2 protein chains.
Amino acid sequence: MAKSKLRIIPLGGLNEIGKNMMLLEYENDIIIIDAGLMFPEEEMMGVDLVIPDISYLIERRQKIRGMVITHGHEDHIGALPYLLPQLNCPVYCTKLTHGLISVKLKEHKALAKADLRILTPGVKIALGKFRVELFPVCHSIPDSAGIIVHTPLGVVVHSGDFKIDYTPVNSNPTDFSRLAQLGSEGVLLLMTDSTYAELPGYTPSESVVGDALERIMSDAPGRVIITTFSSLVSRIQQVIDTAARYNRRVFVVGRNMNEIVRISLELGYLKAPAGILGRIDEMKNLPDNRIVLVTTGSQGEPTSALVRIANKDHKQVHIMKGDTVIISASPIPGNESLVARTIDNLLKQGAEVLYDRITPVHVHGHASQEELKLIMNIVKPKYFMPIHGEYRHLYIHGKLAQTVGIPKENIFIMEDGDILQIDKRSARVDGRVSSGHVYVDGMSVGDIGATVLRDRQALAEDGIVIVIVAVNKQTGRLLNKPDIMSKGFVDSQGYQEMLENSRDVVAEALKHRSDSPSDPGYLNNKIRDTLERYYYEQTKRHPMILPFVVRV
Amino acid sequence: MAKSKLRIIPLGGLNEIGKNMMLLEYENDIIIIDAGLMFPEEEMMGVDLVIPDISYLIERRQKIRGMVITHGHEDHIGALPYLLPQLNCPVYCTKLTHGLISVKLKEHKALAKADLRILTPGVKIALGKFRVELFPVCHSIPDSAGIIVHTPLGVVVHSGDFKIDYTPVNSNPTDFSRLAQLGSEGVLLLMTDSTYAELPGYTPSESVVGDALERIMSDAPGRVIITTFSSLVSRIQQVIDTAARYNRRVFVVGRNMNEIVRISLELGYLKAPAGILGRIDEMKNLPDNRIVLVTTGSQGEPTSALVRIANKDHKQVHIMKGDTVIISASPIPGNESLVARTIDNLLKQGAEVLYDRITPVHVHGHASQEELKLIMNIVKPKYFMPIHGEYRHLYIHGKLAQTVGIPKENIFIMEDGDILQIDKRSARVDGRVSSGHVYVDGMSVGDIGATVLRDRQALAEDGIVIVIVAVNKQTGRLLNKPDIMSKGFVDSQGYQEMLENSRDVVAEALKHRSDSPSDPGYLNNKIRDTLERYYYEQTKRHPMILPFVVRV
């Protein structure tokens, strides 16, 4: 057993931000950290969600002792409804995370069979040869945790998503003393959140936003409408606290926002003075300057409450002169133009709009460079692996680790699927497991492959033309002029003549050839070649051409 | 004639950034400022370019006295090859802009018929009742100009795209004295670039980048590879100057970059000491630390030189350890992830990569808030119209104008197509002309309408299913089992059984119905309804369903 190795394998979150998942394996035991999803990128057409490839875990199902979740964001829990039924292991997490996972599994009808357990920070549990405990960290959702894994080879510390906040709102500060204690005893490996490793300095405290809210609510002549991530409970708490001071009542709009407010109140993560939260129909009895609305839509999501309000498409809320709208969030990469359009539409209707480019109405939840260095100084790990980031974030984080004295050869910049093998003497990256994107589209998981996506891209680019040719099944001769239908190719009015001509072009090309039963693809290829050339000449476009030969 | 009005109509650039174009109309005279294009947004599937709608101008062709172009960027000149043949008027611009437009028109075989004229800043020309002169401004391309239009009702000043730079590189500073002179004589209307109106303070000088280049070239152990906008000639000048000081030769890679370097050298906008520019095949004879490469690809464009280098797909240039790559540009909104991927791929191959988030290797070319206020203070206009921006930029710019004392009622926040009507006494926004997006796809201009785009979006989302049903043309009865083809819908292997079953589902649905000649759409609708329901049940997807009935 002296030769036993600890294997650390990231299955998500190291090639991109999102879809976080990793596993630790030692002899016959595997534990999993997080099971997140990612929203599809532009070129993944029609895909709803992206989750990690867990084929490595499926093959070793009997070794899995449990899953530990750091916090309740989608990129850490979103894949659970899809993966948990396949892995079927206990899931450990803090109380609020437990509540959020329960709601999610319930929606997917996967709660009854799930084994969810609350793990209080500081409490150690044994999962096979591993002992695991959580420690509190600050992040943009309450009850976030980092993970300490005691392995036979030493202690592994996983930061989860975190920032350092000495004046957090409704949350415990990151637990330095536990980390310092571990640091003085010796830590084998530290894995830390790299999302903001490009940013110098310190990330501002959540309290900074409170000052801005204070000023805005005192000055606003009418209603204040604020949108933020629905999971950013500390932000909602600050809104409620400030509203209370300015004698305003708070109305929550949007399904997700109402849901998380309900759970957070129930579990004690949100505190609201009696009578401050109102039902939306009570709003009409209040003067405008006593109203605060908290809505979904901080990312410009087309069906969210704020976007419907901005588009004059919301049943109960309409923008009026004197409204002040606060976008208390920054756009996630890819959502910039949706958010920008929402701001423009609100301004056009006469609202004042405050957003992070012009007012400090948001701070984010990830550590900047000085915080990352601080953690490394406290934990003093032998080995270091930057996690949660795209390659350049991990790379820069690795450079930071060198500046605080971790030797270059002890820093591992990995990609998803890489295996970090650690034994008593050394550590190295060796071997790979299957990893990557599994696409969820509609109810199916994983069947969207390269072909379907490539077809969707081609269809989106220049549309499709369908050609139907009827031939006599004895003679193989054309029975009548081919039929042509197109979708997404050209305007069928303006190009009626060209489309009509293209029927003759096909007929002409097939005139002296007969359908050859010895080569069933012959006609199809002939039609495709002929039309590709013709349409490109006429339009410089390349529609997908789909011939169909009916033999009658 | 006392009642004659000056009409100012923006046709592009006020609903979004890009596609700039506006017109000034007085009695029987129209002049046009700029004719830009915009690159399509995500949802404009398959569209290559977007240009302004000029139907208002087409109807008044005989009134057009000329077009004046502020500078040679695509969003100011890119629509010329499409619009100039329709408008057929003289085009006035500075020398470098003239050179760039010539190249562009030549590519589109539209140069021979064009009437391009160089207009030197400070020289006045008469265009109908208007007299027009250019004044130099600083921007991220040399020879940029603002426009002064002397109208019968007063002077109109148009800033073009500009920033204030007291230490520009290879360019004249913005001409304050001419503006101050006009300001003291009285300016009717000022129209100013709002692109960066959200940013407080001053935009840094182009020279700032020189300091960073200096440090990087002196420290770099091997080759320096730098990418920037090919039109950013001042940046290329700084690269050449710094390279010369560090005894490095400069190699230009990429078609666009070579083209603009050639024109700029020819016209004297770029100065290179003899022997510093090399042909790429001479590179192999030089030690790495004597090489600088200047490449296209600053926006992560998939076919650009830098992206091919990053993907190990470039014939002549391969990344090696010791290379330093500088991304001397910031990503244009929408290109963030392309640029990020390029950086990641370069890092993975061992290059050091410097980009604007981590090193000051780029400054942009638009004025920030203090510069905007300065211009208003110098010009002291009666009326003010913010231009070049999305609504929130214009809105904020309007607020800035109020802070420097322009009365709110004299500030016009307009949208494309709005008409600003000015007479001797007053000004107001009144009426609208046709304006908006004209899509260019392949060689056709304007035929891509809402239907084609909607179809492309639907196709991209869940693909298409084509159903071919052969019926007897006498009896209307089904001849055989329907045929089904799908593209971009499901993986045809994994779903073979479902696709096969769906043929039976259609056959079953049509079993007791016959094709009704009195209602030719009946069969189509029946097929569509049946399959929509069936596929949604099976997959939760909504492919486009295209039935086709062959009557034989």
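Only a predicted model underlies this, so the values are computations on that prediction, with no experimental measurement involved. So you know, we letter chains A, B, ... as the sequences are listed, proteins then strands, and number each from 1.
For B/R456 and B/D441, the salt-bridge test passes: some basic side-chain N is under 4.0 Å from an acidic carboxylate O.
When the candidates B/N345, B/D483, B/I343, B/I464 are compared by the number of heavy-atom contacts under 4.5 Å with chain A, B/D483 comes out ahead. The most heavy-atom pairs under 4.5 Å with chain B, out of A/N15, A/D455, A/I413, come from A/D455. With chain A as the partner, the residue from B/M485, B/E390, B/E198 showing the most heavy-atom pairs under 4.5 Å is B/E198. Chosen from B/L394, B/T451, B/I466, B/V550, the residue pairing most often with chain A at heavy-atom distances under 4.5 Å is B/I466. Interface check for chain A: of the options B/V353, B/L479, B/I468, the most heavy-atom pairs under 4.5 Å are formed by B/I468. Contact count versus chain B (heavy atoms, under 4.5 Å) is highest, among A/M544, A/Q457, A/E461, for A/E461. Counting heavy-atom pairs under 4.5 Å between each of B/L459, B/L346, B/L453 and chain A puts B/L459 at the top. Put simply, of B/H393, B/E16, B/E415, the one with the most heavy-atom pairs under 4.5 Å next to chain A is B/E415.
A/H397 and A/S194 share a donor-acceptor pair across their side chains, judged by distance under 3.5 Å alone.
The aromatic rings of A/F489 and A/Y535 sit perpendicular to each other, their planes meeting at more than 60°, with 30° as the lower class boundary. Ring geometry for B/H542 against B/Y536 counts as parallel: the plane angle stays under 30°, on a 0 to 90° scale with 60° as the upper cut.
Annotation: residues 333-342 of chain B contacts chain A through B/E336, B/A340, B/R341 [non-hydrogen atoms, separation under 4.5 Å].
Of all heavy-atom pairs between B/V467 and B/I545, the closest is CG2-CG2, 4.3 Å. Here the closest non-hydrogen pair linking A/V440 and A/V47 is O-CG1, 3.7 Å.
Considering only heavy atoms from C-beta on, B/L199 comes within 4.5 Å of B/H364 through its side chain. Between B/Y534 and B/M498 there is a side-chain heavy-atom pair separated by less than 4.5 Å.
In this structure, B/D418 CG and B/F412 CZ are separated by 11.5 Å, a value rounded to the nearest 0.5 Å. To the nearest 0.5 Å, atoms CG (A/L372) and CD1 (A/I396) are separated by 11.0 Å.
Within the 4.5 angstrom heavy-atom criterion, only side-chain atoms of B/E41, from C-beta onward, approach chain A.
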